[in-house]
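All ligand and atom numbering here is 1-based and tracks the order in the structure. Predicted, not measured: the structure shown is a model, and the values here were computed from it. Nothing fancy with the numbering, it's 1 onward along the sequence.
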Amino acid sequence: MLELAIIGGGPAGLSAGLYATRGGLKEVVMFEKGMPGGQITSSSEMENYPGVAEVKSGFDFMMPWQEQCFRFGLKHEMAEVVRVKRKENHFVVVLSNQKEVEAKSVIVATGGSPKRSGVKGEDVYWGKGVSSCATCDGFFYKNKEVAVLGGGDTAVEESIYLAKICSKVTLIHRRNAFRASPVTLERAKNEAKIEFLTPYGIEEICGNDSGVTGLKLKNLEEETIKEIKVDGIFVLIGFNVNNSVLMQEDGSAICATNEYGQAIVNLKMETNIPGLFVAGDLRIDAPKQVVCAAADGATAALGAIEYIEHHK
Ligand SMILES: Cc1cc2nc3c(=O)[nH]c(=O)nc-3n(C[C@H](O)[C@H](O)[C@H](O)COP(=O)(O)OP(=O)(O)OC[C@H]3O[C@@H](n4cnc5c(N)ncnc54)[C@H](O)[C@@H]3O)c2cc1C
């Protein structure tokens, strides 16, 4: 039986692997369905990890993480996990190839991915002017004009954040009413640099070899088209968490989750099931930043070491 199974090899899973193996656990396997590294490997520029002054692509940034973990004995199995189940006082990790692996403790770090709008030009300019994270990429648009697509708390809060950096923020939403909280909305309305465009949808994200140059927009009431010039567009319409491994055969989740399917954890990344930890973007209130996911992974690993020690 493994001492610890880690599911997911993004910043949270790799950091958990480092802390677990370096902390003395012997049989630790990280199950990752693709190449380790996680979402950030799709980013062309990563410049906000403390202590790493050099700007790197997400892929280059994540390469040494694996090397460091494997040096301390973390084993990597390239496999997709279907689910994690409870069996007596331990866990069973079920893989897509039908194999079942038993473990004393499990850290689930399967992350998630930002929702895409599917509008024309989005895939073409993704990472070249189209972004899903203002905290990550807002600084690249210092004193430039950007747009935000979305009507929830994230879209409105990130518009306020961007207004502190950019010269103008156009907030585009397909309805006149916003899902964002009234307090947040009021703050955005008081921000002179934010222009609200409702009820508008994006027909096309336009650009050239250098990236995004503008948007073709449609007024959804009047059916009229207008074009605006922007240097970047932030698509903030939601986030899908990869929580399928938590789901049991009867459709229930192995641990408590909220209405968005995010795992409910405490400050030690413990779920309500002893020995089961969730770290990174899959947990409630995740800031969705590499540094935060890495910290979660370390915290979860320390918790797992303590749990295994007390359940010998
Ligand atoms: C385009 C882009 C740019 C970003 N830029 C920045 C930035 O500049 N700065 C910053 O701090 N953050 C940035 N982020 C956010 C950052 O990447 C995430 O917050 C971070 O990667 C979350 O780490 P994680 O380990 O929780 O999950 P993830 O990175 O999502 O990793 C989860 C891993 O689990 C694996 N997995 C999922 N399901 C299974 C399964 N069933 N079985 C096995 N493996 C599975 C996945 O393949 C993946 O490798 C960016 C994100 C994106 C998408």
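Residues Val230 and Val146 come closest through the heavy atom pair CG1-C, 3.8 Å.
Interface of Gly9 with ligand 1, defined as ligand atoms under 4.0 Å from a residue heavy atom, comprises 33 (C), 34 (O). Within ligand 1, the atoms closer than 4.0 Å to a non-hydrogen atom of Phe31 are 43 (C), 44 (N), numbered from 1 in the order shown. Remark: ligand 1 atoms within the under-4.0 Å shell around heavy atoms of Val245 are 41 (N). The ligand atoms of ligand 1 that sit less than 4.0 angstrom from a heavy atom of Gly112 are 30 (O). Set against the non-hydrogen atoms of Ser42, the atoms of ligand 1 under 4.0 Å away are 1 (C). Atoms of ligand 1 found under 4.0 Å from any heavy atom of Met46 (numbered from 1 in listed order, with element): 7 (C), 8 (O), 9 (N). Each of the atoms 22 (C), 23 (O), 26 (O) of ligand 1 lies under 4.0 Å from some heavy atom of Ala293.
For atom 42 (N) of ligand 1, the choice among Asp296, Val81, Val241 with the nearest heavy atom turns out to be Val81. When Gln39, Met35, Lys33, Glu32 are ranked by how near their heavy atoms come to atom 51 (C) of ligand 1, first place goes to Gln39. The closest non-hydrogen atom to atom 15 (C) of ligand 1, taken over Met30, Lys288, Arg83, comes from Lys288. Of the listed options Pro11, Gly280, Pro36, Pro11 places a heavy atom closest to atom 23 (O) of ligand 1.
Counting heavy atoms closer than 4.0 Å to ligand 1, residue Tyr49 contributes nothing at all. Only the backbone of Ala79 comes within 4.0 Å of ligand 1, judged by heavy-atom distances. Under 4.0 Å from ligand 1, the heavy atoms of Ala109 that appear belong solely to its backbone.
A ring-centre distance under 6.0 Å is found for Trp65 and Tyr49.
With no hydrogens or angles considered, no side-chain donor-acceptor pair links Asn242 and Thr110 at under 3.5 Å.
Here the CZ-CG distance, from Phe239 to Leu282, works out to 9.0 Å after rounding to the nearest 0.5 Å.
In this pair, Tyr307 and Phe277 present their aromatic rings perpendicular. The plane angle is above 60°, beyond the 30 to 60° band.
Taking the charged nitrogens against the carboxylate oxygens, Arg179 and Asp153 have no contact shorter than 4.0 Å, which rules out a salt bridge.
In the displayed structure, Arg86 atom CZ is contacted under 6.0 Å by more than 12 heavy atoms of other residues, nucleotides or ligands.
In this structure the side chain of Gln39 never reaches within 4.5 angstrom of the side chain of Lys288, judged on heavy atoms.
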